[in-house]
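Naming convention: chains lettered A, B, ... in sequence-line order (proteins, then strands); numbering from 1 in each chain.
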Protein chains: 2
Amino acid sequence: MEIAQRAASGRKRMSRAEREQQILGVAEEVFATRGYQATSMDDIARRVGLSKPMLYEYFGSKEGLLLACLERVRRELLEATTSAAAANAGDPERQLHDGLLAFFRFGEEHKQSWALLRTESAVVGAGLDTELEGFRTQQAEFTEEMLRVALPNTDPARLEAFAEAIIGACERMALWRENRPEITPERVTEHLMALIWPSLSAEVAAAHRAYPASHDQG
Amino acid sequence: MEIAQRAASGRKRMSRAEREQQILGVAEEVFATRGYQATSMDDIARRVGLSKPMLYEYFGSKEGLLLACLERVRRELLEATTSAAAANAGDPERQLHDGLLAFFRFGEEHKQSWALLRTESAVVGAGLDTELEGFRTQQAEFTEEMLRVALPNTDPARLEAFAEAIIGACERMALWRENRPEITPERVTEHLMALIWPSLSAEVAAAHRAYPASHDQG
DNA sequence: CCAGTAGGCTACTACTAGTAGGGTTACTTA
DNA sequence: TAAGTAACCCTACTAGTAGTAGCCTACTGG
């Protein structure tokens, strides 16, 4: 009877790694479409074709499951932007441009993953020493590093501020163009570049005037 | 007995308007410090010194209560930024500068209110036609309008994009400087202005070259 | 062929959002 | 001053969900 039931419902034994990925896929979809709060663990379990205690076995808590989903998405996003930028080492303008473009393309091509990131605030602040926080920090640090290369003589605090500002601008713009198919990733990148690049170029000159030695002679 | 109990617990009749404000004050504090999810309606009711059904009488649901809190905060923030900018009509640079400064000062002076806005995503998307959505839109429109005056010949879509980018930058920077007392509102404003104002100035010139007539002769 | 372990389950508990239905106080109107 | 009424407020419930206890079962290696 039990065996028949299991066979009928299509449940099958799986290795831990497989199951984890399967669960993450389902959870990502459900969290993204229905929202974190409106989704119950029973619901996810049912869709996976598994019982609730298994979710707890693998992810510890509902928050832990969301965290795992977010970590996966953040890693993908970081990977997409860094590799796009890395392809243009030595040309700061193109580096920045292509990094931004990769960001907006990611939002377009992985709408569901992107939507998930909006639920991030539901869990940020809970555990600040999580791996997720690490990816968030890395995204900021990577941006900052890119700016440091372009503006070698600029006040470090200012570089940090610029990096945060750019990331904030990206996030909000990605949200803004979500329901506007006419605003392509290319166009929104162009807008953002128009807003910041002339300033950054000017900053190079200003920093250069402030500390000419290190650049001319170093 | 019932009367004695009520007197002992300090409960007192109040007009609806008074109670609403009292509840909003308590809810704002608790939501901001503990987070939306971790807060129970029973908890808020206990702190107010009232029973749970009254909260539902006044605000309909837990989400409704959060929404009411957020609306109040958004209104205050919008009021702060618009009035700061309005004081400098005719000088776009100062207008923008003072608007940003007012934003960051608001974050500093109303830490609790600002922290609350981070829970916004818990409720945004639920009801998009709420009053809250109205305030969010107004903030963007106000910024856009300010830019339109400064850059009269710029593509409207670009203005919209700039406004969204600036607001996104503000929000993220406010978050960033939350735990850094050394980064004053003045400094963060200066950083952001350094990132965008040179570009905006250049944009004036570019748009001017593109459509000189309307500016020179209109 | 027989442990041992890893994957899995049913059946609970505790807590919280939201409601039903009724009591009490203050203000109005005669 | 005495209904009458409306607004404020309560206790005591229901429904549903996060999380757990304790047991079962299928594959693995000897």
Self-check item: Ser51(B), nearest nucleotide to its side chain (from dC9(C), dT11(D), dT17(D))
Solution: dT11(D)
Quiz item: Does the cation-pi check pass for Lys62(B) over Tyr36(B), that is, NZ or CZ under 6.0 Å from the six-membered ring centre and within 45° of its axis?
Solution: yes
Quiz item: So what does Tyr58(B) hit on the nucleic acid, given a heavy-atom distance under 4.0 Å: a base, only sugar-phosphate, or nothing?
Solution: sugar-phosphate
Practice problem: Could you state the atom-to-atom distance from CG of Asp42(A) to C1' of dC9(C) in whole Å? | Solution: 13 Å
Quiz item: Rounding to a whole Å, what distance do you find between Lys62(A):NZ and dG16(D):P?
Solution: 16 Å
Quiz item: Do side-chain atoms of Arg94(A) reach the backbone of Asn88(A) as a donor and acceptor pair under 3.5 angstrom?
Solution: no
Quiz item: Rounded to the Å, how far apart are Tyr56(B) OH and dG18(C) C1'?
Solution: 5 Å
Quiz item: Could you state the CZ-C1' distance from Phe59(B) to dA17(C), rounded to the nearest angstrom?
Solution: 16 Å
Quiz prompt | dA7(D) OP1/OP2 closer than 4.0 Å to side-chain N/O of Arg19(B) | solution = no
Practice problem: Go through residues 26-38 of chain A and report each residue with a non-hydrogen atom lying under 4.0 Å from DNA chain C, sorted by number. | Solution: none
Quiz prompt | Lys/Arg-Asp/Glu bridge criterion (N-O < 4.0 Å) met for Glu182(A), Arg187(A) | solution = no
Quiz item: Does the Arg34(B) side chain pair with the main chain of Thr39(B), one donor and one acceptor, at a distance under 3.5 Å?
Solution: no
Quiz item: Separation of Glu20(A) atom CD from dG8(C) atom P, in whole Å?
Solution: 11 Å
Quiz item: Between atom CG in Asp43(B) and atom P in dC15(C), what is the gap in whole Å?
Solution: 14 Å
Practice problem: May I ask you to decide if the ring planes of Trp114(B) and Phe103(B) are parallel, tilted or perpendicular, using 30° and 60° as cut-offs? | Solution: perpendicular
Quiz prompt | Atom pair distance, as rounded to whole Å: CZ in Arg46(B) and P in dT16(C) | solution = 9 Å
Quiz prompt | Charged N-O contact under 4.0 Å between Arg180(A) and Glu160(B) | solution = yes
Quiz item: The side chain of Pro53(B) lies closest to which of these nucleotides: dC9(D), dG7(C), dA12(D)?
Solution: dA12(D)
Exercise. For Met54(A), report the nucleic acid contact type (base, sugar-phosphate, nothing); a contact means any heavy atom under 4.0 Å.
Key: base
Quiz item: Got a donor-acceptor pair under 3.5 Å from the side chain of Lys52(B) to the base of dG18(C)?
Solution: yes
Exercise. Would you mind checking if Arg47(A) and Asp43(A) are paired as a salt bridge, meaning a charged N to carboxylate O distance below 4.0 Å?
Key: yes
Exercise. Give the rounded distance in Å between these two atoms: CD1 of Ile23(B) and P of dC9(D).
Key: 8 Å
